[in-house]
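As structure tokens, the structure follows; a few thoughts come after it.
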Amino acid sequence: MRWSQLLIPTLKENPADAEIVSHQLLLRAGLIRKLTGGLYTFLPLGLRALRKVERIIREEMDRAGAQEVLMPALQPSDIWQKSGRYELMQDVLFKVKDRSRKEWVLGPTHEEVITTLVAGEISSYRQLPKNFYQVQTKFRDEIRPRFGLMRAKEFIMKDAYSFDATDEGAQESYRKMYAAYGRIFKRCGIQAIAVEADTGVIGGKFSHEFMVPAETGENEVAYSEGGEYAANVEKATSRLTTPTPTVDTGSAPGKFPTPGIVTIEALASAPYNVAATAQLKTLIYLIEGKITLVMMRGDHQLNETKLAAATGTANFRAATSDEIFAALGARPGSLGAVGVTQHPVIADESLRNAAGMTTGANEDGFHFRDVNLDRDIKVGLWHDLRLVKAGEPCPVTGTPLKIRRAIEVGHVFKLGTKYSEPLEALYLDETGQRKPLVMGCYGIGVTRTMQAVIEQSHDKDGIIWPVSVAPFTVCITPLSVLADGPVMKLAEELYQKLNDQGIDTIIDDRDDRPGVKFKDSELVGFPLRVGIGEKSLAKGEIELKPRGGVMQPIKVESAIESILSALKTLSGI
RNA sequence: CGGAGCGUAGCUCAGCCUGGCUAGAGCACUUGGUUUGGGACCAAGACGUCGCAGGUUCGAAUCCUGUCGCUCCGACCA
């Protein structure tokens, strides 16, 4: 393509509303333009890069045995009612009404649609396994769209759904997708790591997220140095650095005065000297409107994602001081669960068998000592609720965990029968028994992946596209565009030959000064620039400049061969 | 939704505190000229409901009220 004919509106200055570098470069390189918050138009170059990411995804999905379909983005709300997610996901669902006032949903994801399809089309174990995928626009009423394509109201996702007869089969389908994801991100030129993750509103048995390490990422990943363990902090666990006391003092809980003491630290200091590990922290939450006591060890922090996983709902918040006083008769700082039977109590696993603990007495200015969990507190639910911190021992290796930020580009879920049961996607097995299909689902944020590539691969001058996803692979830069001059003649000739070889080539035929062309080609980030100027041409040479590499002169006679071999090197072939 | 900030030319911003004349600069754009190996220079020109609505005032980009939009931090997620 000819630069002069394409819309490539590069910007010299950073747009005021772009905060992170990949967002700035998307705008500056003329790849996208904002329509309004969370909604973007893909310009010619941006679309070309996006299409290349999509092509890699399609090739790897096909290779892994998945088949492409295309489902409606507009969906009837009744299938969402059936799956139970109409309520659960109401905050992100875009809803629209038609002329007869019937309500529809703009699909944020497609478990309901694909399961409905499969329920009607698959009825025998002989048809299994199956895996269907699509590349499609998703709609989510995000609470806060941000960072350009990173979190948008409308975005392109590749979603795949596997259907198996057995759990073992589903496991194998999961494994295949997991492997395919690794190949996809590698081919896109980004380093993504798989981490254990929370399943959230999608639900299911377990899941892995594919994370691109980046300071601007919205997630935190806990991992061991050697890569033996990696998990989203929402899900991560660690070994305890210090054990929880379990020695029964033999005494019943004894109330003692602690005037003005309302923090763990204060109680840990003189004259009380109660180690934080021997204290019970009692947090009061309003879970689906009900006062609930959440118990943590004094030195631990609550992880709210784990609380959601434990309770099966995200509909909760910390209670206010007044709500707490009304329920327990004391203010934060003096709270405890001893003798509390009228409210449910949830406790963190680290408190199992805890004994000789100290906790608030539900009376301002007083605490209990000698509290045994088994004997004195009615715990209704035990669950891992603890937020891991950097430096705590890895659950696998025992070495100190590290924590770093990352961008989630993909997520694979082992779903089980969460959707096949309510939507009645059943099949007959060898013995004629009717059983629910065992499902998995697998998403890649395609537009987000494209931005993640930029976030991970850029320098002060602009984007550094990997060959695999670059909008154009080669940029031919004639320094003079006189139509019948030797420079332009050679440029046109190379342009023809490269295109004939199937190399995506752009020729910068703009009548601009060299500096402008160099800056623009670096900003957009084409992997290889072929510079043609009168000076070097006089020596029978032109210049090859890999983006991010060093300029090298090549002979005109062997230009095509040199370019092709440089591309091979850049592609890592 | 809670907290913080910003809305002035296509873009980046100044002017606002302390109200006053035709509302400014740089980049981009148009025309002419000079340039031509790292975002050129000269000259001329075009481009504004100062986000919107209301108020205060002789007079509002500037002060007040409301409203809309955008960005950032938190809850949500590919």
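Reckoned from all heavy atoms, side chains included, excluding hydrogens, waters and symmetry mates. Order of the sequence lines fixes the chain letters, A, B, ..., with proteins taken first and strands second; residue numbering starts at 1 for each chain.
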May I ask you to verify whether the side chain of [X] and the base of [N] hold a donor-acceptor pair under 3.5 Å?
{"X": "A:Arg144", "N": "B:rG3", "answer": "no"}
{"X": "A:Glu304", "N": "B:rG74", "answer": "no"}
{"X": "A:Asp520", "N": "B:rG39", "answer": "yes"}

Would you mind telling me which residue lines up with the more 5' stretch of RNA chain B, A:Gly37 or A:Asp461, judged by nearest nucleotide? A:Asp461

If each of A:Asp512 and A:Thr10 is mapped to the nucleotide of RNA chain B with the nearest heavy atom, which maps nearer the 5' terminus, i.e. the 5' end?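 Final value for this comparison: A:Asp512.
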
Could you tell me whether A:Glu209 contacts a base, only the sugar-phosphate backbone, or nothing, with contacts defined as non-hydrogen atoms closer than 4.0 Å?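 Nothing, no nucleic acid heavy atom in range.
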
By the 4.0 Å heavy-atom rule, please label A:Tyr442 as base, sugar-phosphate, or nothing. nothing

Return the stacking result for B:rG37 and A:Phe518: yes when the ring centres lie under 5.5 Å apart and the planes under 30°, no otherwise.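 Here A:Phe518 fails the 5.5 Å or the 30° condition.
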
Less than 4.0 Å between a side-chain N and a carboxylate O, is that true for A:Lys158 and A:Glu54? no

Using a strict threshold of under 4.0 Å (side-chain N to carboxylate O), is an ion pair present between A:Glu59 and A:Arg187? yes

Proximal nucleotide (of B:rG39, B:rG37, B:rC72) relative to the A:Arg28 side chain: B:rG39

Any side-chain donor paired with an acceptor under 3.5 Å for A:Tyr40 and A:Glu154? no

Only one of A:Tyr174, A:Tyr178, A:Tyr181 clears side-chain hydrogen bond (donor to acceptor under 3.5 Å, both in side chains) with A:His208; which? A:Tyr174

